[in-house]
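Notes for the one structure printed next.
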Amino acid sequence: MTSHDTSLQHTIAALAWPGIVIGCRRIVAGDENGLTPEEASSIHAKVPAARRASGAVRILARELLVGMGLAPCPLPKSTSGAPSFPPGLTGSFAHDADFAVAALAKRNAVVGLGIDIEPAGPLPPDLLDVVATARERLLLGREPQLGRLLFVAKEAVYKAVNPLDGAFLEYHDIDVDFAAGRAQVRNGRTLGLRAAAGAHAIAVAVVAV
Ligand SMILES: CC(C)(COP(=O)(O)OP(=O)(O)OC[C@H]1O[C@@H](n2cnc3c(N)ncnc32)[C@H](O)[C@@H]1OP(=O)(O)O)[C@@H](O)C(=O)NCCC(=O)NCCS
């Protein structure tokens, strides 16, 4: 394990949430071959790096399934883009250029789940304007390094909520309160939220039962 990987492990440990299994995998050449035929035909991306990342996250997810005492199975993309899971299970995937992350949970523990990962680092000022609400900008004024965490938090919320509600959300439709560990969506949903950063910023958003 490289020191980079150790940093990611620490970040993931900081996201621990009862009933949710979270894992990471470094994306390596050949991971695209980890896609099952059903998954391969559900993923329309032609770019090799994108197919490799989708393979990596599904290799990881099957390892997590085995760790949960469940049988590994195909996890194809649905028409919305979200991954599909067998009955009784929910989850979420994300990848950046180097790492894939997955979060899985049994549906008796969690209704909806979202995860996102990005290399850590400040958010460009023009993107910050797009992502942060006025209240969040006040908070970020005091802690500017929170910009990247805010970005991954809102992407994680979208991934948790979109499969449940089918709604497209803008960044300003989501209000994040890191101190309370909560995100509020304009459509009325409240989600639990964990976010942490080392070399990478990762967030997990949870719609509780
Ligand atoms: C879903 C979305 C946020 C993914 O972000 P991304 O930076 O492209 O990619 P990530 O690596 O973070 O995540 C990719 C994974 O997201 C998952 N995903 C894709 N669409 C999804 C959806 N509608 N719901 C839940 N998960 C979804 C897939 O599992 C995908 O992995 P796969 O292609 O290997 O199956 C983005 O594609 C999108 O649809 N954005 C529109 C909505 C938005 O961004 N609004 C502003 C934020 S609120």
Side-chain angles (χ1 to χ4, degrees), residues 5 8-9 11-12 15-119 152-169 189 191 194 200 202-209:
D5 295 348
L8 197 55
Q9 293 288 356
T11 303
I12 284 180
L15 304 172
W17 191 295
I20 298 177
V21 178
I22 306 170
C24 65
R25 173 184 173 87
R26 183 182 279 280
I27 301 167
V28 296
D31 279 353
E32 59 276 23
N33 300 322
L35 293 170
T36 67
E38 184 184 348
E39 289 168 350
S41 60
S42 74
I43 293 168
H44 301 306
K46 297 274 186 281
V47 181
R51 298 189 72 82
R52 187 170 304 137
S54 292
V57 83
R58 285 166 173 82
I59 293 168
L60 167 64
R62 278 188 269 281
E63 288 170 359
L64 296 179
L65 283 175
V66 170
M68 294 168 80
L70 300 171
C73 62
L75 303 164
K77 264 174 110 68
S78 63
T79 49
S80 74
S84 46
F85 294 91
L89 198 74
T90 188
S92 181
F93 298 160
H95 18 74
D96 64 12
D98 299 314
F99 287 96
V101 288
L104 298 179
K106 293 188 177 164
R107 276 205 186 268
N108 58 10
V110 160
V111 173
L113 196 49
I115 192 166
D116 195 46
I117 181 172
E118 286 258 326
V152 292
K154 293 193 177 192
E155 297 263 318
V157 168
Y158 180 79
K159 290 181 191 177
V161 166
N162 177 260
L164 301 176
D165 299 337
F168 183 88
L169 299 176
R189 282 198 186 272
L191 292 88
R194 296 268 194 285
H200 295 257
I202 307 179
V204 173
V206 180
V207 180
V209 173

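Residue Ser54 comes nearest to Ile43 through the heavy atom pair CB-CD1, 3.6 Å, listed as atom of the first residue, atom of the second, then distance. In terms of heavy-atom proximity, Ala105 sits nearest to Ile20 at CB-CG1, 4.1 Å. Here the shortest heavy-atom pairing between Pro74 and Glu38 reads CB-OE1, 3.5 Å. When every heavy atom of Ala53 is checked against every heavy atom of Ala100, the shortest pair comes out as O-CB, 4.5 Å. Scanning all heavy atoms of the two residues, the minimum distance from Leu35 to Arg58 falls at CD2-CD, 3.7 Å. When all heavy atoms of Glu39 and Ser42 are compared, the closest pair comes out as O-OG, 2.7 Å.
A donor-acceptor contact shorter than 3.5 Å links the side chain of Ser92 to the backbone of Ile115. Formation of a donor-acceptor pair under 3.5 Å by the Thr90 side chain with backbone atoms of Gly112 is not found in this model. For the pair Arg62 (side chain) and Cys73 (backbone), a donor-acceptor distance under 3.5 Å is present. Judged purely by atom type and a 3.5 angstrom limit, Lys159 uses its side chain to pair as donor or acceptor with the backbone of Phe93. Looking only at distances, a side-chain donor or acceptor of Arg51 sits under 3.5 Å from a matching main-chain atom of Ala45. Here the side chain of Glu63 pairs no donor or acceptor atom with the backbone of Ala61 at under 3.5 angstrom.
Here the CG atom belonging to Asp98 is positioned 6.0 Å from the NE2 atom belonging to His200, to the nearest 0.5 angstrom. Separation of atoms CG (Leu104) and CG (Leu89) is listed at 5.5 Å; rounding is to 0.5 Å. One distance of note links OG1 of Thr36 with CD1 of Ile59; it measures 11.0 Å at 0.5 Å rounding.
Looking at heavy atoms from C-beta onward, Leu113 lies out of side-chain contact with Val207 at the 4.5 angstrom threshold. Counting heavy atoms from C-beta outward, Leu70 and Lys106 have side chains that approach closer than 4.5 Å. Looking at heavy atoms from C-beta onward, Leu75 lies in side-chain contact with Phe85 at the 4.5 angstrom threshold. In this structure the side chain of Pro87 never reaches within 4.5 angstrom of the side chain of Arg107, judged on heavy atoms. Here the side chains of Ile117 and Thr11 are not in contact, with every heavy-atom distance at 4.5 Å or above. Two residues are said to be in side-chain contact when any heavy atoms from C-beta on lie closer than 4.5 Å; His95 and Ile27 meet this criterion. At a threshold of 4.5 Å between non-hydrogen side-chain atoms, the residues Val204 and Val101 do not count as touching.
With Ile202 as the fixed residue, the side chain to side chain contact (heavy atoms under 4.5 Å, CB included) test singles out one of Ile12, Asp96, Val152: Ile12.
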